[in-house]
Structures are given as C-alpha cells and as structure tokens.
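Here the structure is laid out as structure tokens; the discussion comes afterwards.
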2 protein chains.
Amino acid sequence: MPKTAQPAQPEILQGTLDVMILRTLERAETHGYGIARAIERSSGGVLAVEEGSLYPALYRMEKRGDLTHEWKTSELNRRAKFYRLTPSGRKRLVHEVEQWEKLSHAVGRVLAGSAREALA
Amino acid sequence: MPKTAQPAQPEILQGTLDVMILRTLERAETHGYGIARAIERSSGGVLAVEEGSLYPALYRMEKRGDLTHEWKTSELNRRAKFYRLTPSGRKRLVHEVEQWEKLSHAVGRVLAGSAREALA
DNA sequence: GTGATTACCTTGACAATCTAGGTATGTGCC
DNA sequence: GGCACATACCTAGATTGTCAAGGTAATCAC
C-alpha cells in the first residue's frame, strides 16, 4: 500500500480535529461514522473528515483517556462503536476550545494588520 | 542531537506560519529575525516563532518561488538576509488568507454550536 | 574581556494527516 | 438469489510541519 500523501488542499486545520470530535460528542454520543458526518454538516460542508484521520484520532483520544466506547447497534441496524466523553475529555474540551480561541484570534491579528498593531 | 520533540503546548497553529510570514513581508521587507519579532508583536505576544520552524519555512518558501532574499546590513549593523515577496508570493498570500478565513470560520461553526446548526 | 543581543543555521525526532487500500453487514431492487 | 450501494470499521505508508537543542559569528555596552 505505497502511495503519495498530502492533499492538494488540506481539508482541515491541523490540530483542530480532536477538539471538533470532543465538541461533537459533547452534543450527542455517537459512532465514528456519525462524528464525521456531523462535523461535515456543522461546518457547513466546508470540512471533510477523512477516515484515515478520524479513526487514528479516536484511538489516540481513547488511549489518552478522553473517550470510552461501547459497541451498539446504529440507527441503521449496523454494529457500531458509540463513543462518549469521559470527565477528563470534558475538561480537555474546555481547555482546547480556549486554546483554539486564543490561537486563532492571534493569527487573525497577524493577518489583519489593524491600526492596533500599527501603533504598537 | 537526540531529543524529545513536541511542545507541552503548541505555540502556533500548524499550517499558519507560512501565511503569517507572507503577510509580514507584505508590510515590510525584513530579515528572518525581524519576521519572528514582528509576528510575536502583531499577535499580541501570544505566538512564539521558533527559529527551528522559521528558517526551514523561509527556505522552503524561497525554493517554492514565493520569496527572494538579499544580504544587507541590518538596522543594528549586522549581516542579515532581507526577504521580499515575489509576485507569486503575493498571489499565494491572497489565496492562503482566503483559505484561513474559510477554514477557521468552519472550525468556529463546529465549535460554536449555534442555533443554525441545531436546526440544520 | 565578558555577557547579552542580534542573526544565522542544522539535525533528529515526532505527531497529525492523507491516500489508498481493505473487511463486513444490512437494505433495496431486480 | 444476486447485485449495488451505503454504512461502519480498520490499517499501512508516506509526507509534512514543527519543535528541541544544539551550534557559529559579529556587534555593543560595560
């Protein structure tokens, strides 16, 4: 399975997948496939969640202690792993949202070139 | 030089360094060290530009054709490489700023959980 | 001369992501 | 029954961007 990687244009901002997963699961416990669809929908169709990014992310988040899963039957009668936030995951969600706000705002400032910065 | 990498908390959002460099150089031709200080300042002190990220970035952007450099003497009387945008770099700046706006806005929508998405 | 600052650079490791493959099962249609 | 399609999972390999940690050299203030 050798192949060339890296997208023509990245579909998501690196580092934001985890926090989006956490946020999605805070709203409703669901399975991987459902998480992907939910993020795509709530982003207005702008973000595409690739399965090759999603499943490794879920695995590492669970390993980190932020998620747990339970095998259940999906709405469409298929076996699916339903993920849920742990208390630690909730804490991380809050922290990561804060980080996102802080950093994205900072990037915005750099790109904007407001009077604020011209005077600094 | 074996060492453990990955920061306790990332200082910049991955993928945003290039566009910030381009934006900084659009404002004024300057050298690497100056770019780093300018980004730190215009971000309100939130972003830290590590040299180990900066110089490779400048190198790859120049190789890509978005920058050129010229050795000059800095304001403080030291030899320094002054970077300047190429026309291609200007085009890329516009495009990357658009991308940033689009993607960061999308992440915002996912994290926000507005009524808009609840109704979708 | 000593130390701080300016200014450059490189190596090695690592984490996140994508591409591209794969498996399996249920549903609808013919 | 057979087939396509959607749902739902998974992994390997490659690439990229970033960071940590080292280094060099010149200038300036003391």
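All of these numbers come straight from a predicted model, not from anything done at the bench. Labels below follow one simple rule: chain letters A, B, ... track the order of the sequence lines, proteins then strands, and each chain is numbered from 1. Computed from heavy atoms alone, side chains included, the values below leave out hydrogens, waters and symmetry copies.
Taking a 4.0 Å limit (strictly below) on heavy-atom distances, residues 65-84 of chain A reaches DNA chain D at A:Ser74, A:Leu76, A:Arg78, A:Arg79, A:Ala80, A:Lys81.
Here B:Phe82 pairs with B:His31 under the ring pair (Phe, Tyr, Trp, His ring centres under 6.0 Å) rule; sequence neighbours left out. For B:Lys72, the salt bridge (charged side-chain N to carboxylate O under 4.0 Å, His left out) partners at least two apart in sequence or on another chain are B:Glu29. In terms of the side chain to side chain donor-acceptor pair (under 3.5 Å) criterion, B:Glu96 has no residue partners (sequence neighbours excluded).
OP1 or OP2 of D:dC10 has not a single side-chain nitrogen or oxygen of A:Tyr55 nearer than 4.0 Å. In this structure, B:Arg60 reaches the D:dT18 phosphate: one of its side-chain N or O atoms is under 4.0 Å from OP1 or OP2. Between A:Ser53 and C:dA16 there is no side-chain N or O to OP1 or OP2 distance below 4.0 Å.
Across all non-hydrogen atoms, the minimal contact from A:Met20 to A:Leu47 is SD-CD1, 3.5 Å. Residues A:Ile12 and A:Ala48 come closest through the heavy atom pair CG2-O, 3.7 Å. Scanning all heavy atoms of the two residues, the minimum distance from B:Ser88 to B:Asp66 falls at OG-OD1, 2.7 Å. Between B:Val49 and B:Leu54 the shortest heavy-atom distance is CG1-CB, 3.9 Å.
The interatomic distance linking B:Leu103 (CG) with C:dT17 (P) rounds to 13 Å, in whole Å. Spacing between atom NE2 of B:His31 and atom C1' of C:dT6 amounts to 8 Å, rounded to whole angstrom units. To the nearest angstrom, C1' of C:dA7 lies 12 Å from CG of B:Leu58. A straight line from CG of B:Leu47 to C1' of D:dC19 spans 15 Å, rounded to a whole angstrom.
Evaluation of atom-type donor-acceptor distances gives no pair under 3.5 Å for the side chain of B:Glu11 against the base of D:dC19.
Residue pairs meeting the ring-ring contact (aromatic ring centres under 6.0 Å, His included) criterion with at least one partner in residues 36-60 of chain A, sequence neighbours excluded, do not occur; the list is empty.
An angle of 20°, rounded to 10°, separates the two end axes of the helix from C:dG1-D:dC30 to C:dC30-D:dG1, each defined over five pairs.
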